[in-house]
Amino acid sequence: QVQLVESGGGLVQAGGSLRLSCAASGRTFSRSAAGWFRQAPGKEREFVSGISRSSSSTLYANSVKGRFTISKDNVKNTVYLQMNSLKPEDTAVYYCAADTGVRVGVVSSPALYDYWGQGTQVTVSS
């Protein structure tokens, strides 16, 4: 079975940066698209960013566009989310996910992702 493990979360001041990593078992990310989602207390899970199976396409939520960058390393079987210019509103638990569908693009619906990590906490202070 596929296992995804996130790391890199923590506490950072507003304006700072963090890089999240998501390591997967097997060859998951060479055969799948990947996405990052986040969930703040009392809020629904929100799409943050996604990258296609071939890494040829990326998609970002408007709230993070220009600040976050998603990338995928098939050799390391790892997906990254570089987060710059962090804001307090970015505070949430961040989850990575794999989309094993045959589509070539990126989808934003969490229902279309097949495997999920356990999440890593990101806290941005004012």
Criterion side-chain contact (heavy atoms from CB on, under 4.5 Å) on Cys96 and Trp36, from CA distance to verdict: CA-CA 5 Å; Cys96 68; Trp36 286 95; 3.8 Å; yes

Rounded distance [0.5 Å steps], OG in Ser125 versus NZ in Lys87: 15.5 Å

Tyr113/Val107 under side-chain contact (heavy atoms from CB on, under 4.5 Å): CA gap, chis, key distance, verdict: CA-CA 9 Å; Tyr113 286 80; Val107 295; 3.7 Å; yes

Closest non-hydrogen atom pair between Ala92 and Gln121, with its separation: O-NE2, 3.4 Å

Could you list the donor-acceptor pairs under 3.5 angstrom formed between side-chain atoms of residues 15-22 and any protein atom two or more places apart in sequence or on another chain?
unit_1 : atom_1 : unit_2 : atom_2 : d
Ser17  : OG     : Asn84  : OD1    : 2.9

Student check: side-chain heavy atoms of Leu81 and Met83 closer than 4.5 Å: yes

Single-linkage hydrophobic cluster, 4.5 Å side-chain cutoff, Val79 and Tyr115 together: yes

Heavy-atom side-chain proximity of Thr78 to Lys72 below 4.5 angstrom: no

Trace of the side-chain contact (heavy atoms from CB on, under 4.5 Å) decision for Arg45 with Tyr95: CA-CA 9 Å; Arg45 189 163 298 189; Tyr95 301 88; 3.5 Å; yes

Heavy-atom pair of closest approach, residues Leu59 and Ser108: CD2-CB, 4.4 Å

Common cluster, Val106/Ile70, ILVMFWY with side-chain heavy-atom separation under 4.5 Å: no

Phe37 vs Trp116, ring-ring contact (aromatic ring centres under 6.0 Å, His included): CA-CA, chis, key distance, verdict: CA-CA 10 Å; Phe37 296 78; Trp116 294 82; 4.9 Å; yes

For the student: nearest non-hydrogen atoms of Ala33 and Gly105, plus distance: CB-O, 4.3 Å

Same apolar cluster (I L V M F W Y, side chains within < 4.5 Å links), Tyr94/Val124: yes

Min side-chain heavy-atom separation Tyr60-Val48 under 4.5 Å: no

Euclidean distance, Asn74 CG relative to Ser55 OG, rounded to 0.5 Å: 5.5 Å

Shortest non-hydrogen separation from Phe29 to Ala24 and the atoms involved: CE1-CB, 3.4 Å

Close side-chain approach of Ser32 to Arg27, heavy-atom, < 4.5 Å: no

Close side-chain approach of Arg38 to Ser63, heavy-atom, < 4.5 Å: yes

Atom CZ of Arg31: over 12 foreign heavy atoms under 6.0 Å: no

Stepwise salt bridge (charged side-chain N to carboxylate O under 4.0 Å, His left out) test for Asp99 and Arg53: CA-CA 8 Å; Asp99 170 19; Arg53 184 171 57 193; over 6 Å; no

Donor + acceptor pair across side chains of Asp114, Thr100 (<3.5 Å): yes

Verdict with supporting geometry, Thr123 and Val12, side-chain contact (heavy atoms from CB on, under 4.5 Å): CA-CA 6 Å; Thr123 302; Val12 65; over 6 Å; no

